[in-house]
Each structure stands twice: as C-alpha cells, then as structure tokens.
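Can you read through this structure? Questions will come right after.
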Amino acid sequence: NAGVTQTPKFRILKIGQSMTLQCTQDMNHNYMYWYRQDPGMGLKLIYYSVGAGITDKGEVPNGYNVSRSTTEDFPLRLELAAPSQTSVYFCASSYVQGDNQPQHFGDGTRLSIL
Amino acid sequence: KNEVEQSPQNLTAQEGEFITINCSYSVGISALHWLQQHPGGGIVSLFMLSSGKKKHGRLIATINIQEKHSSLHITASHPRDSAVYICAAGNFGNEKLTFGTGTRLTIIP
C-alpha cells in the first residue's frame with residue numbers, strides 16, 4: 001500500500017499565482033485532513049473532510065479551498081498565493097468509526113511563495 | 001497560552017541514555033497522540049492513548065488524565081531516534097487534533 005501520497009514535494013510560486021496540492025490515500029479512510037506547518041509552530045488544521053462530499057473549515061482556512069469528490073482524493077487549492085502561505089503542507093487520513101484513530105500522514109509539500 | 005505544551009523544546013543526549021519528553025494539555029481530550037517527525041520531514045504516528053501506558057519496542061508512552069499530562073520515554077536511546085517528537089490532543093466529538101510545537105531530540109553517538 002502506498003498510504004497517503006502528496007504531490008508535488010516542492011513548489012515555488014509567484015505572488016498571485018494559483019495551484020492545487022494533490023493528496024490521495026489508498027486505505028479507504030473516511031476522514032482526511034490538510035495541515036500547514038510553520039517553523040517553530042505546531043501543525044495547524046486548514047480543512048478536513050469526514051467523507052466524500054463533506055468538508056469543513058479548520059483553524060486556518062483563509063486563502064484555501066478544498067473538495068472531496070471521492071473517498072481517495074482530497075485536493076487543496078490556493079487561489080491567489082501570498083507570501084504568508086509559504087509553509088510545509090501535510091495531508092493526513094484516518095479511519096474513524098466512533099473512537100479517535102491514528103492519523104496517517106503524507107510526506108509533505110514544501111511550498112514557497114516569492 | 002498554547003492548549004498543548006511540550007517540554008523540553010530541544011534535548012541532546014548521549015547514546016544509551018533514558019529520554020523523557022513531556023506534554024501538558026489544558027483541553028478536554030478523547031485521546032493523546034504521539035508523533036515522530038523524521039529529519040526528512042515525514043510524520044509517523046507512534047502512539048494513541050486515552051489512559052494508562054503503552055509500549056512499543058524501546059518507546060513507552062504514559063498518560064495521567066487527572067493531571068492532564070503525558071510522557072514519552074525512550075530507553076537505550078540510539079542516534080536513529082533523533083527526530084522531532086510531537087504530541088497532539090484529540091478533541092471530544094470530532095477528530096481534530098491540537099498539536100504541540102514539538103521536541104527536537106538529538107542523540108549523539
């Protein structure tokens with residue numbers, strides 16, 4: 001099993017450009033998450049999804065959009081890139097049926113906005 | 001004040017030493033997660049616990065619900081244990097996690 005796969009691994013964007021960070025999982029997990037990790041800070045939740053067609057905002061959703069058309073895929077869209085969005089982005093998934101479950105993380109996407 | 005706080009922020013030790021990393025939380029939790037972030041950046045879940053103690057190899061995680069405190073211990077530490085260790089509190093009613101800022105552990109041969 002590949003687990004959680006994120007693409008691309010690295011990207012440099014110019015201010016105002018847009019891009020989509022891809023995330024796919026092959027574990028049939030119902031929950032998926034997007035986090036950003038800034039230096040010296042804990043991971044912050046951007047958006048999450050509890051199943052196909054259902055998404056909700058996390059702690060820091062401004063400037064981002066998501067969709068969940070299938071169980072496997074949970075892309076994160078940046079519409080107008082800003083320097084404040086320079087960060088490392090992690091996608092994660094878990095199988096939730098009542099109780100907390102461990103989250104499985106992708107390898108991250110390092111994004112720089114110049 | 002962060003809802004999840006870890007100490008120390010940085011820890012350097014000699015190979016073989018017993019390591020303890022602490023995590024305190026101020027929110028009500030359904031579970032406490034310990035994660036390891038490798039130098040290359042990947043994040044792996046080590047433990048998820050809501051009471052007592054769990055052990056996996058040389059790693060032991062404990063939690064005291066009354067004191068809102070958890071510890072991660074590493075016995076017979078090895079340079080390959082060098083990583084950032086992150087604790088995260090799982091909230092009641094949903095699967096959102098609140099993360100600490102991590103403890104950077106360096107084990108010197």
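Chain A is the first sequence line, chain B the second, and so forth, proteins listed ahead of strands; every chain is numbered from 1.
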Using a cut-off of under 4.5 Å on heavy-atom pairs, state which of B:H38, B:Q37, B:R104 scores highest against chain A.
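The answer is B:Q37.
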Tell me, side chain or backbone of B:L46 under 4.5 Å from chain A's heavy atoms, or both, or neither?
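Interface part for B:L46: neither.
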Can you name the nearest heavy-atom pair linking B:I86 to A:Q37, along with the distance?
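Scanning both residues, the minimum pair turns out to be CD1-NE2, 4.4 Å.
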Grouping I, L, V, M, F, W and Y whenever their side-chain heavy atoms are under 4.5 Å apart, do B:V44 and B:F47 come out in a common cluster?
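No; tracing contacts between hydrophobic side chains, which count when under 4.5 Å, never links both residues.
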Any idea which of A:L43, A:D107, A:L45 has the most non-hydrogen atom pairs under 4.5 angstrom with chain B?
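With the most close heavy-atom pairs to chain B, the winner is A:L43.
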Is chain A contacted by the side chain of B:Q6, its backbone, both, or neither, given a heavy-atom distance below 4.5 Å?
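Interface part for B:Q6: neither.
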From OG1 (B:T98) to NZ (A:K44), nearest 0.5 Å:
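Separation between the atoms: 8.5 Å.
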I'd like to know if A:V88 and A:L111 are part of one continuous hydrophobic network [Ile/Leu/Val/Met/Phe/Trp/Tyr, side-chain heavy atoms within less than 4.5 Å].
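No, A:L111 and A:V88 fall in different hydrophobic clusters.
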Same cluster or not: A:F105 versus A:Y48, using hydrophobic residues (I, L, V, M, F, W, Y) connected whenever any side-chain heavy atoms lie under 4.5 Å apart?
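Linked within one cluster.
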Same apolar cluster (I L V M F W Y, side chains within < 4.5 Å links), A:M32/A:I46
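They do share one cluster, since a chain of ILVMFWY contacts under 4.5 Å joins A:M32 to A:I46.
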Return yes when atom CD1 of B:I65 has more than 12 non-hydrogen atoms of other residues, nucleotides or ligands closer than 6.0 Å, and no otherwise.
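Yes, CD1 of B:I65 has more than 12 neighbouring heavy atoms, counting only those of other groups under 6.0 Å.
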Under a 4.5 Å cut-off applied to non-hydrogen side-chain atoms, are B:L97 and A:Y33 in contact?
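No. Closest side-chain heavy atoms not under 4.5 Å.
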Path from B:I19 to B:I60 over hydrophobic side-chain contacts below 4.5 Å:
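Unlinked, B:I19 and B:I60 end up in two clusters.
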